[in-house]
Student: 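Shown below is the structure under consideration.
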Amino acid sequence: QVQLVESGGGSVQAGGSLRLSCRASGNPKIANCMGWFRQASNERREGVALLWPDSGVPIYDASVKGRFTISIDRPENMLYLQMDSLKPEDTARYYCAARRSTCVEPALKYAQNFEYWGQGAQVTVTS
């Protein structure tokens with residue numbers, strides 16, 4: 001089992017930056033894919049960025065590529081999402097997620113294939 005706890009959400013003006021953190025506990029080494037999803041009001045949950053924990057190789061959704069950076073501190077069991085040049089459409093609740101199977105790009109579209117989830121952190125971007 002893997003437990004995930006996010007922190008770092010908040011409110012920021014458009015063009016600003018925020019960094020989300022996710023602490024993994026339990027048995028995080030069983031996760032072969034970790035990432036961030038977000039869900040806006042009345043919308044489905046969508047993938048933002050994924051990462052292979054051992055190699056650090058990332059996958060980004062086109063909507064955030066060049067603005068968001070996913071990274072990991074494996075020894076500390078911490079996953080991060082640096083969000084720059086934020087836009088109002090980035091407003092959502094952001095969730096840290098992990099799964100046993102490896103990352104593939106289509107996994108961004110299939111939140112249901114991730115077994116482990118945090119409680120989420122709200123990010124609000126005002127114009």
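In this text the structure is predicted, and so the values were computed from the model without any measurement.
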Student: Excluding sequence neighbours, so at least two apart, what forms side chain to side chain contact (heavy atoms under 4.5 Å, CB included) with N42?
Tutor: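 Checked N42 against side chain to side chain contact (heavy atoms under 4.5 Å, CB included); zero matches.
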Student: Could you tell me if the side chain of T69 sits less than 4.5 Å from the side chain of L81, heavy atoms only?
Tutor: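 No; the side chains remain at least 4.5 Å from each other.
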Student: Side chains of L50 and I70: closer than 4.5 Å at any heavy-atom pair?
Tutor: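 L50 vs I70: side chains apart.
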Student: Report the distance from atom CG of D61 to atom CD of E46, rounding to the nearest 0.5 Å.
Tutor: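 The CG atom of D61 sits 6.0 Å away from the CD atom of E46.
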Student: With sequence neighbours excluded, give me every ring-ring contact (aromatic ring centres under 6.0 Å, His included) pair touching residues 7-35.
Tutor: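 Non-adjacent pairs meeting ring-ring contact (aromatic ring centres under 6.0 Å, His included): zero.
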Student: How would you list all residue pairs meeting disulfide (SG to SG under 2.5 Å) that involve residues 26-94, not counting sequence neighbours?
Tutor: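 As it turns out, the disulfide (SG to SG under 2.5 Å) pairs with a partner in residues 26-94, which skip direct neighbours, are C33-C103.
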Student: Run the salt bridge (charged side-chain N to carboxylate O under 4.0 Å, His left out) test against D84 and tell me which residues pass, sequence neighbours left out.
Tutor: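 Partners of D84 by the salt bridge (charged side-chain N to carboxylate O under 4.0 Å, His left out) criterion come out as none, since no residue qualifies.
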Student: Show me the donor-acceptor pairs, under 3.5 Å and distance only, between side chains in residues 91-99 and residues at least two apart or in other chains.
Tutor:
unit_1: T91; atom_1: OG1; unit_2: P88; atom_2: O; d: 2.9
unit_1: T91; atom_1: OG1; unit_2: V125; atom_2: N; d: 2.9
unit_1: T91; atom_1: OG1; unit_2: V125; atom_2: O; d: 3.4
unit_1: R93; atom_1: NE; unit_2: Q119; atom_2: O; d: 3.2
unit_1: R93; atom_1: NH2; unit_2: Q119; atom_2: O; d: 3.4
unit_1: R93; atom_1: NH2; unit_2: G120; atom_2: O; d: 3.0
unit_1: Y94; atom_1: OH; unit_2: R38; atom_2: NH1; d: 2.9
unit_1: Y94; atom_1: OH; unit_2: D90; atom_2: O; d: 2.6
unit_1: R99; atom_1: NE; unit_2: S101; atom_2: O; d: 3.3
unit_1: R99; atom_1: NE; unit_2: S101; atom_2: OG; d: 3.0
unit_1: R99; atom_1: NE; unit_2: T102; atom_2: O; d: 3.4
unit_1: R99; atom_1: NH2; unit_2: T102; atom_2: O; d: 2.6

Student: Can you run down the side-chain hydrogen bond (donor to acceptor under 3.5 Å, both in side chains) pairs that involve residues 103-114, sequence neighbours left out, and say none if there aren't any?
Tutor: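 Passing the test, one end in residues 103-114: no pairs.
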Student: Closer than 3.5 angstrom, by distance alone: can the side chain of E6 be matched with the main-chain N or O of S21 as a donor-acceptor pair?
Tutor: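 No; judged by distance alone, with no hydrogens or angles, the pair does not exist.
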Student: Below 3.5 Å, can you tabulate the donor-acceptor pairs from side chains in residues 71-79 to any protein atom, sequence neighbours excluded?
Tutor:
unit_1: D73; atom_1: OD1; unit_2: E76; atom_2: N; d: 3.3
unit_1: R74; atom_1: NE; unit_2: D54; atom_2: OD1; d: 3.3
unit_1: R74; atom_1: NH2; unit_2: D54; atom_2: OD1; d: 3.3

Student: For residues 38-77, which residue pairs pass the ring-ring contact (aromatic ring centres under 6.0 Å, His included) check, not counting sequence neighbours?
Tutor: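 Of all non-adjacent pairs touching residues 38-77, none passes ring-ring contact (aromatic ring centres under 6.0 Å, His included).
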Student: Would you say L86 ends up clustered with Y80 if hydrophobic residues are merged whenever their side chains have heavy atoms under 4.5 Å apart, either directly or through other cluster members?
Tutor: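 No, it is not one cluster - the side chains of Y80 and L86 are not joined through contacts under 4.5 Å.
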Student: Report the residues that fulfil side chain to side chain contact (heavy atoms under 4.5 Å, CB included) with Q1, sequence neighbours left out, ordered by chain and then residue number.
Tutor: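 Scan of Q1 (side chain to side chain contact (heavy atoms under 4.5 Å, CB included), adjacent residues dropped) gives Q3, Y116.
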Student: Can you check whether V2 reaches L4 side chain to side chain, under 4.5 Å on heavy atoms?
Tutor: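 Side chain of V2 against side chain of L4, heavy atoms only: contact under 4.5 Å found.
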Student: Would you sort out whether T126 and V12 count as a side-chain contact (heavy atoms from CB on, under 4.5 Å), showing the intermediate values?
Tutor: CA-CA 6 Å; T126 58; V12 66; over 6 Å; no
Student: Compare all side-chain heavy atoms of V57 with those of L51 and state whether any distance is below 4.5 angstrom.
Tutor: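 Of all side-chain heavy-atom pairs linking L51 with V57, none is under 4.5 Å.
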Student: Closest heavy-atom contact between P53 and A31?
Tutor: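 Of all heavy-atom pairs spanning P53 and A31, the closest is CG-O, 3.5 Å.
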Student: In the structure I gave you, are the side-chain heavy atoms of M83 and R67 within less than 4.5 Å of one another anywhere?
Tutor: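 With C-beta onward as the side chain, the pair stays apart.
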Student: Does anything in residues 1-48 pair up under ring-ring contact (aromatic ring centres under 6.0 Å, His included), and if so which pairs, sequence neighbours excluded?
Tutor: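 Residue pairs passing ring-ring contact (aromatic ring centres under 6.0 Å, His included), neighbours aside: F37-F114, F37-W117.
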Student: With Q39, which residues qualify under side chain to side chain donor-acceptor pair (under 3.5 Å), at least two apart?
Tutor: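 Side chain to side chain donor-acceptor pair (under 3.5 Å) check on Q39 returns R45.
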Student: If hydrophobic clusters are built by linking Ile, Leu, Val, Met, Phe, Trp and Tyr wherever their side-chain heavy atoms come under 4.5 Å apart, do M34 and I30 end up in the same one?
Tutor: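 Same hydrophobic cluster.
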Student: Can you pull the ring-ring contact (aromatic ring centres under 6.0 Å, His included) pairs that have at least one residue in residues 8-32, sequence neighbours excluded?
Tutor: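 Output for this query is empty, none listed.
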